[in-house]
Amino acid sequence: MRLRKVAETAAPEAINARPEWAQHIEDTADIAVAGLDNLAWADAVLFGTPTRFGNPTSQLRAFLETTAHLASRAFGPGESRVRPP
């Protein structure tokens with residue numbers, strides 16, 4: 001198992017304006033930032049995120065947007081991405 005976090009994309013000024021956010025950054029400083037190689041390595045991936053109006057954080061969305069080519073390599077042309085149970 002690997003524990004990773006997505007890269008923080010917020011400006012330091014925004015982070016420092018919220019003491020709890022700055023504390024979180026400090027508390028998670030020793031956790032490595034996720035990369036595409038982590039997704040390729042894993043048999044399963046779990047994501048956790050706070051929500052903002054029902055949407056994941058912009059940091060997680062930015063990371064997920066970089067992963068589209070992994071799915072296209074995993075499945076052949078016309079192959080379903082949903083596998084029957």
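- Pairs passing the salt bridge (charged side-chain N to carboxylate O under 4.0 Å, His left out) check and including a residue from residues 10-22, sequence neighbours excluded, read R18-E20.
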Compile the donor-acceptor pairs under 3.5 Å between side chains in residues 29-56 and protein atoms, sequence neighbours left out, one pair per line.
unit_1: N38; atom_1: OD1; unit_2: G35; atom_2: N; d: 2.8
unit_1: T49; atom_1: OG1; unit_2: T57; atom_2: N; d: 3.4
unit_1: T49; atom_1: OG1; unit_2: T57; atom_2: OG1; d: 3.4

Tell me which donor-acceptor pairs under 3.5 Å the side chains of residues 5-12 have, and how far apart each pair is, sequence neighbours excluded?
unit_1: K5; atom_1: NZ; unit_2: T28; atom_2: O; d: 2.6
unit_1: E8; atom_1: OE1; unit_2: W21; atom_2: NE1; d: 3.3
unit_1: E8; atom_1: OE2; unit_2: A10; atom_2: N; d: 3.0
unit_1: E8; atom_1: OE2; unit_2: Q59; atom_2: NE2; d: 2.5

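- With sequence neighbours excluded, the residues satisfying side-chain contact (heavy atoms from CB on, under 4.5 Å) with Q23 are E26, D27.
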